[in-house]
Amino acid sequence: MGEVKVVREGAVAHVVIDQQGRRNAMSEAMWQGLADAAHALSEDSGVRAVIVRGAGGTFCAGADMSEFETVYRDRATTAAYSHIVSLAQRALAAVPIPVIAAVEGNCFGGGCGIALAADLRFAANDARFAITPARIGAAYSFADTKQLVDVVGPARAKDILFSGRVVEASEALSIGLVDRLVAPGASLAAARDYVEHLATLSANSMRFTKATIESIRKGATGADQAMEEAFLDTFAAEDFREGYAAFLDKRKPQFS
């Protein structure tokens, strides 16, 4: 039976997709497990960054098709299952600290949705991406489609969804689906190096940055009152006092 588990490495949390017998395909229970993990990490002040990855050298083959006769049995079960999938991806996207997807092997269907919910995607240069509802007469939800459009733009999203074709890693980088390419087997090490650096910086600053960019992405053209107050709060926080004191003292800051 597959699972989504959280493994802690100090201030970094790894969210691991693990159903290796099915290339880490996501069962309904695993989607719920992803949502639960994301909600828990959002409330954990001890975590400074998150890495999402698959076990055994494959990121995620998408939804577990062995469950389709059950989860798509009728309109009600389809709506319930789709809600769980959407909830899991929204919960991951809403984690207020940096989330990095480390992609090896296949990243297909719902696996692409998980990777897109991360802030950045580091992929092996032999990784492969595809979103394939057109191959089986299915549809990609509005939320999933918007997530793809936000990253690659409408024309490329149409191409990916119309054709259901496999996008190789080099093309994924060129269209913005991937943010960094590394050697095969090295995506986890690259993500770990990156988040270990982030863990030395101000989590308060990164939380504010992520919230601000999300607001802009949703269409805001200026700060509302809550955002303006949050901005001012950063300059009253201990991180700012420590940061500029360390600069004046010519030492590395020790952020809380």
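Every heavy atom of this structure was used, including side-chain atoms; hydrogens, water molecules and symmetry mates were not.
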**Q** K218: which residues meet the salt bridge (Lys or Arg N to Asp or Glu O under 4.0 Å) condition with it, sequence neighbours left out?
**A**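 For K218 the salt bridge (Lys or Arg N to Asp or Glu O under 4.0 Å) partners, ignoring immediate neighbours, are E214.
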**Q** Who else is in F240's hydrophobic cluster (ILVMFWY, side-chain heavy atoms under 4.5 Å, direct or via others)?
**A**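 So far as hydrophobic clustering goes, F240 is joined with F208, M227, F231, L232, F235, Y244, F247, L248.
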**Q** Identify the heavy atoms of S42 and P96 that sit nearest to each other, and give their distance.
**A** OG-CD, 3.6 Å
**Q** Hydrophobic clustering (ILVMFWY, side-chain heavy atoms < 4.5 Å, transitive) - are L173 and V182 grouped together?
**A** no
**Q** Considering only residues two or more places apart or on different chains, which pairs with a residue in residues 44-57 satisfy salt bridge (Lys or Arg N to Asp or Glu O under 4.0 Å)?
**A** R8-D44
**Q** Is it true that the side chains of Q147 and Q89 contain a donor and an acceptor less than 3.5 Å apart?
**A** yes
**Q** Measuring only between side-chain heavy atoms, which start at C-beta, is L201 closer than 4.5 Å to M206?
**A** yes
**Q** To the closest 0.5 Å, what do you measure between CZ (R207) and OG (S205)?
**A** 11.5 Å
**Q** Do F59 and V52 have side-chain heavy atoms sitting under 4.5 Å apart?
**A**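 F59 vs V52: side chains touch.
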**Q** Which pair of heavy atoms, one from G243 and one from P253, lies closest together, and at what distance?
**A** CA-CB, 4.3 Å
**Q** Which pairs count as side chain to side chain donor-acceptor pair (under 3.5 Å) when at least one residue sits in residues 189-201, sequence neighbours excluded?
**A** E9-R192
**Q** CG of N106 to SG of C60: how many Å apart, nearest 0.5 Å?
**A** 10.0 Å
**Q** Do N204 side-chain atoms and D239 backbone N/O form a donor-acceptor pair below 3.5 Å?
**A** no
**Q** Quick one: list whatever passes side-chain contact (heavy atoms from CB on, under 4.5 Å) with K158, sequence neighbours left out.
**A** F162
**Q** Applying side chain to side chain donor-acceptor pair (under 3.5 Å) as the test, list every pair that has at least one member in residues 32-41; sequence neighbours left out.
**A** Q32-D36
**Q** Would a 4.5 Å heavy-atom cut-off, applied to side chains only, mark I160 and I175 as touching?
**A**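 Yes. Closest side-chain heavy atoms under 4.5 Å.
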**Q** Distance-only, no hydrogens or angles: does the S187 side chain make a donor-acceptor pair with backbone N or O of A123 under 3.5 Å?
**A**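 No; zero donor-acceptor contacts below 3.5 Å.
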**Q** Please check: side-chain N/O of R23 versus main-chain N/O of Q20, any donor-acceptor pairing under 3.5 Å?
**A** no
**Q** Hey, any chance I114 and F108 share a hydrophobic cluster, counting ILVMFWY side chains that come within less than 4.5 Å of each other, even indirectly?
**A** no
**Q** According to side chain to side chain donor-acceptor pair (under 3.5 Å), does anything in residues 171-185 pair up with another residue at least two apart or in another chain? List the pairs.
**A** R165-E171
**Q** What salt bridge (Lys or Arg N to Asp or Glu O under 4.0 Å) pairs are there with at least one residue in residues 61-80, not counting sequence neighbours?
**A**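 For residues 61-80: R22-D64.
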**Q** Can you find a heavy atom in the side chain of L148 that is under 4.5 Å from one in the side chain of V151?
**A** no
**Q** Does one hydrophobic cluster hold both L34 and V99, with members joined at side-chain heavy-atom distances below 4.5 Å?
**A**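 L34 clusters together with V99.
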**Q** Quick one, V195 and I51 - any side-chain contact, counting heavy atoms below 4.5 Å?
**A** yes
**Q** Tell me, do V71 and T78 make a side-chain contact under 4.5 Å, heavy atoms counted?
**A** no
**Q** Would you name the heavy atoms of V95 and A38 that are closest together and state the gap between them?
**A** CG2-O, 3.7 Å
**Q** Show me the pairs that pass side chain to side chain donor-acceptor pair (under 3.5 Å) and involve residues 219-230, at least two apart or across chains.
**A** Q225-E229
**Q** So which atom in V6 and which in A13 form the shortest heavy-atom distance, rounded to 0.1 Å?
**A**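 It is CG1-CB, 4.2 Å.
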**Q** What's the spacing between K146 NZ and S141 OG if we round to 0.5 Å?
**A** 12.0 Å
**Q** Report all side-chain donor-acceptor pairs from residues 130-138 shorter than 3.5 Å, counting only partners two or more places apart or in another chain.
**A**
| from | atom 1 | to | atom 2 | distance (Å) |
| --- | --- | --- | --- | --- |
| R135 | NE | G164 | O | 3.0 |
| R135 | NH2 | G164 | O | 2.6 |

**Q** Using the rule that Ile, Leu, Val, Met, Phe, Trp and Tyr join whenever any side-chain heavy atoms are under 4.5 Å apart, tell me whether V85 and L87 fall into a single cluster.
**A** no
**Q** How is the hydrophobic cluster of V149 composed, in terms of its other members, when Ile, Leu, Val, Met, Phe, Trp and Tyr link through side-chain heavy atoms under 4.5 Å apart, directly or indirectly?
**A** none
**Q** Could you walk me through whether L198 and I97 pass side chain to side chain contact (heavy atoms under 4.5 Å, CB included), step by step?
**A** CA-CA 10 Å; L198 297 188; I97 54 179; over 6 Å; no
**Q** Spell out, as yes or no, whether a donor-acceptor pair under 3.5 Å connects the side chain of R128 to the backbone of E168.
**A** no
**Q** Kindly give the heavy-atom pair with the smallest separation between V4 and G33, and that separation in Å.
**A**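 Taking every non-hydrogen atom into account, CB-C, 4.2 Å.
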**Q** Taking side-chain contact (heavy atoms from CB on, under 4.5 Å) as the test, write out the residues that go with S45, two or more places apart.
**A** none
**Q** Considering only heavy atoms from C-beta outward, does the side chain of F122 approach that of I100 to under 4.5 Å?
**A** yes
**Q** Would you compute the distance between atom SG of C112 and atom OH of Y140 and round it to the nearest 0.5 angstrom?
**A** 6.0 Å
**Q** Please name the residue in the list M26, E28, M30 that meets the side-chain contact (heavy atoms from CB on, under 4.5 Å) test with I84.
**A** E28
**Q** In Å and rounded to the nearest 0.5 Å, what is the CG to CG distance from L177 to L116?
**A**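 If I round to the nearest 0.5 Å, the distance is 5.5 Å.
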**Q** Using a 3.5 Å distance criterion without hydrogens, assess whether the side chain of Q19 forms a donor-acceptor pair with backbone atoms of A25.
**A**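 Yes.
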**Q** Would you check if the side chain of D18 reaches a backbone N or O of N24 as a donor-acceptor pair within less than 3.5 Å?
**A**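 Checking the backbone N and O of N24 against the side chain of D18, no donor-acceptor pair under 3.5 Å is found.
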**Q** Look at the side-chain heavy atoms of Ile, Leu, Val, Met, Phe, Trp and Tyr, link any pair under 4.5 Å apart, and say whether V16 and W31 land in one connected group.
**A**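 No; tracing contacts between hydrophobic side chains, which count when under 4.5 Å, never links both residues.
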